[in-house]
> 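Following this message is one structure expressed as C-alpha cells.
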Protein chains: 2
Amino acid sequence: MELQEAKDKFVHTWGTLATQWGINRTMSQIHALLLLSEKALNADQIMEQLTISRGNVNMNLRELMSWGLINKQLLQGERKEYFTAEKDIWKVARLIAKRRQRREIEPVIEVMDEIKAAIKPDSVENKEFLKVINDISKVGGFADTAMTAIIKADENWLASNLLKVFK
Amino acid sequence: MELQEAKDKFVHTWGTLATQWGINRTMSQIHALLLLSEKALNADQIMEQLTISRGNVNMNLRELMSWGLINKQLLQGERKEYFTAEKDIWKVARLIAKRRQRREIEPVIEVMDEIKAAIKPDSVENKEFLKVINDISKVGGFADTAMTAIIKADENWLASNLLKVFK
DNA sequence: CTGAATTTTCAAAATATTCTGAAACATTTT
DNA sequence: AAAATGTTTCAGAATATTTTGAAAATTCAG
C-alpha cells in the first residue's frame with residue numbers, strides 16, 4: 001500500500017469509526033487530516049482534500065477547537081487562518097473522554113438526583129422505584145469517578161497500576 | 001411529584017439520554033419501562049404505554065434481547081409473549097459496556113493493525129505516519145484492556161480496589 | 001476610511017435514521 | 001383444516017441530522 005493511499009484510508013476510516021461514537025463524520029475526518037499533516041492547513045486546503053463545502057469546514061473546525069483537539073495558528077505574512085491538531089494521542093484521548101463524560105455520564109447522575117429528591121420512600125411502590133433510581137445513580141457515580149481518575153492520571157502510571165489491579 | 005409522574009419522567013428521560021450514547025431512543029424507553037415494571041409486559045401493553053407502533057415495538061424488543069437486556073417469557077395459559085428486563089443494574093451496565101467495547105474500541109484496533117501491516121517503516125514519512133497509527137493503537141489497546149477487566153471483574157471488588165488505585 | 005480577502009451564518013437541500021401500518025407469515029385452538 | 005390469535009417484515013412516510021452555498025459580517029492592508 002502506498003503512503004498516500006494509507007493516509008486516505010486512515011482519514012476515511014476515522015470518519016466512519018467516529019459515527020460509531022456519536023461524533024460527526026466530517027469533524028473526525030478533518031481531525032484525522034490534521035493529525036497526519038505536519039504543516040498547518042487552512043480552510044481551503046481542507047475543503048479541497050475532503051471535497052466538502054466551506055460552511056461545513058468552518059463549522060467543524062470550530063467544533064474541534066471547542067473540544068480542544070485543534071488550534072488556530074496565524075502564519076507570518078498570511079491573512080488566512082491555519083489549523084494544527086494536538087499530536088499527543090493520550091492527550092487527545094483524555095480530551096475526548098472528558099467530553100463524553102460530560103455528555104453521557106453527568107446528565108444521568110443529575111436526572112437521578114432530581115428524581116430521588118422528588119420521591120419520598122413512603123410506600124412499597126415508591127421504595128421499589130427508588131431502588132432502581134438509586135442503583136442507576138450508583139453505577140453512574142462509579143463510572144464518573146473512574147472516568148475522572150483516568151482522565152486526571154498520568155497515562156504511564158495509570159496503565160501499569162491499573163493493569164496490576166486487574167490481574 | 002407523583003410516582004406515576006416520576007416513572008413517566010424516568011422513561012422519557014432515559015430515552016433522551018440514550019440518544020446521547022448512540023442508542024435508539026425507543027429502545028431505551030422500552031427498556032426503562034420494563035425496568036420499572038415488576039410484571040412482565042407484552043407488545044400490546046408497550047405499544048399503548050409508549051404510543052408507538054407494533055413494528056417499532058417488535059424491532060426494538062428484538063434488539064434489546066440481542067443486547068441481553070431483556071428476556072422473553074411465556075406465561076402460563078397465555079398465547080402472547082411477555083418480556084422482563086434484567087434488574088441487576090451492574091449487570092446491565094456490564095452488558096452495555098461490552099457492547100460498546102465491541103462497537104467502538106475493537107474496530108479501531110483492527111483498522112490500525114491493518115494499516116500497520118501494510119506500511120513499511122522505510123522512509124521518514126512512513127515512520128511519521130506509523131507513529132500516529134501506533135499511538136492510536138496503544139490508546140485503543142489500553143482502553144480495550146481496561147474495559148475488558150472492568151466488565152469481567154466483580155463490581156464490589158472492583159469499585160473498592162479501583163478507587164484505592166485512584167486515590 | 002475603502003474595498004478586497006477571509007470568515008461566519010443560516011435557510012434550504014441532501015442524506016440518514018427511525019417509525020408506521022398493513023400484509024405476510026407463524027402458531028395455536030376449535 | 002380453517003379460524004383465531006399473535007409475530008415479523010418491509011416499503012414508504014415522518015423525523016432528524018448533516019451539508020451546501022450564497023449572502024452577511026468581519027478583518028485588515030493600503
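Residue numbering restarts at 1 for every chain, and letters A, B, ... go by the order of the sequence lines.
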> If I take atom CG in residue A/L50 and atom C1' in nucleotide D/dT19, what distance separates them, rounded to the nearest angstrom?
13 Å
> Show the numbers, then the answer: is there a side-chain contact (heavy atoms from CB on, under 4.5 Å) between A/Q4 and A/D8?
CA-CA 6 Å; A/Q4 192 51 52; A/D8 289 348; 3.1 Å; yes
> Testing the basics here: between A/V108 and A/I136, what is the closest heavy-atom pair and its distance to 0.1 Å?
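So the two residues come closest at CG1-CG2, 3.9 Å.
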> Closest heavy-atom contact between B/I70 and B/H31?
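So the two residues come closest at CG2-CD2, 4.3 Å.
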> For a quick test of reading the model: is some side-chain N or O of A/N24 closer than 4.0 Å to OP1 or OP2 of D/dT19?
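Yes, such a contact exists.
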> For B/D44, what residues pass the side chain to side chain donor-acceptor pair (under 3.5 Å) criterion, not counting sequence neighbours?
B/R54
> Going by atom type alone, with no hydrogens or angles, which donor-acceptor pairs under 3.5 Å involve a side-chain atom of residues 14-23 of chain B and a protein atom two or more places apart or on another chain?
unit_1: B/T16; atom_1: OG1; unit_2: B/H12; atom_2: O; d: 3.2
unit_1: B/T19; atom_1: OG1; unit_2: B/T16; atom_2: O; d: 2.6
unit_1: B/W21; atom_1: NE1; unit_2: A/E104; atom_2: O; d: 3.4
unit_1: B/W21; atom_1: NE1; unit_2: B/L17; atom_2: O; d: 3.3

> To the nearest 10 degrees, how far apart in direction are the end axes of the helix from C/dC1-D/dG30 to C/dT30-D/dA1, each fit to five base pairs?
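Computed angle between terminal axes is 10°.
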> Once you round it to whole Å, what is the distance between P of C/dA16 and CD of A/Q20?
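Between P of C/dA16 and CD of A/Q20: 15 Å.
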> Between B/K9 and A/E114, does a salt bridge (charged side-chain N to carboxylate O under 4.0 Å, His left out) hold up when you go through it step by step?
CA-CA 11 Å; B/K9 175 170 182 169; A/E114 211 178 310; 2.5 Å; yes
> Test of understanding: with side chain to side chain donor-acceptor pair (under 3.5 Å), list the residues that count as partners of A/K120, not counting sequence neighbours.
none
> Atom CE of B/M27 and atom P of C/dC19: how far apart are they, to the nearest Å?
12 Å
> Pick out the pairs of N or O atoms, protein on one side and nucleotides 6-11 of chain C on the other, that lie under 3.5 Å.
unit_1: C/dT7; atom_1: OP1; unit_2: A/E81; atom_2: N; d: 2.7
unit_1: C/dT8; atom_1: OP2; unit_2: A/N58; atom_2: ND2; d: 2.3
unit_1: C/dT9; atom_1: OP2; unit_2: A/R62; atom_2: NH1; d: 3.4
unit_1: C/dT9; atom_1: OP2; unit_2: A/R62; atom_2: NH2; d: 3.0

> May I ask you to evaluate whether B/T26 reaches the phosphate of C/dC19, defined as a side-chain N or O under 4.0 Å from OP1 or OP2?
yes
> Just to verify, what does B/E38 make a side-chain contact (heavy atoms from CB on, under 4.5 Å) with, not counting sequence neighbours?
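Here the qualifying residues are A/E128.
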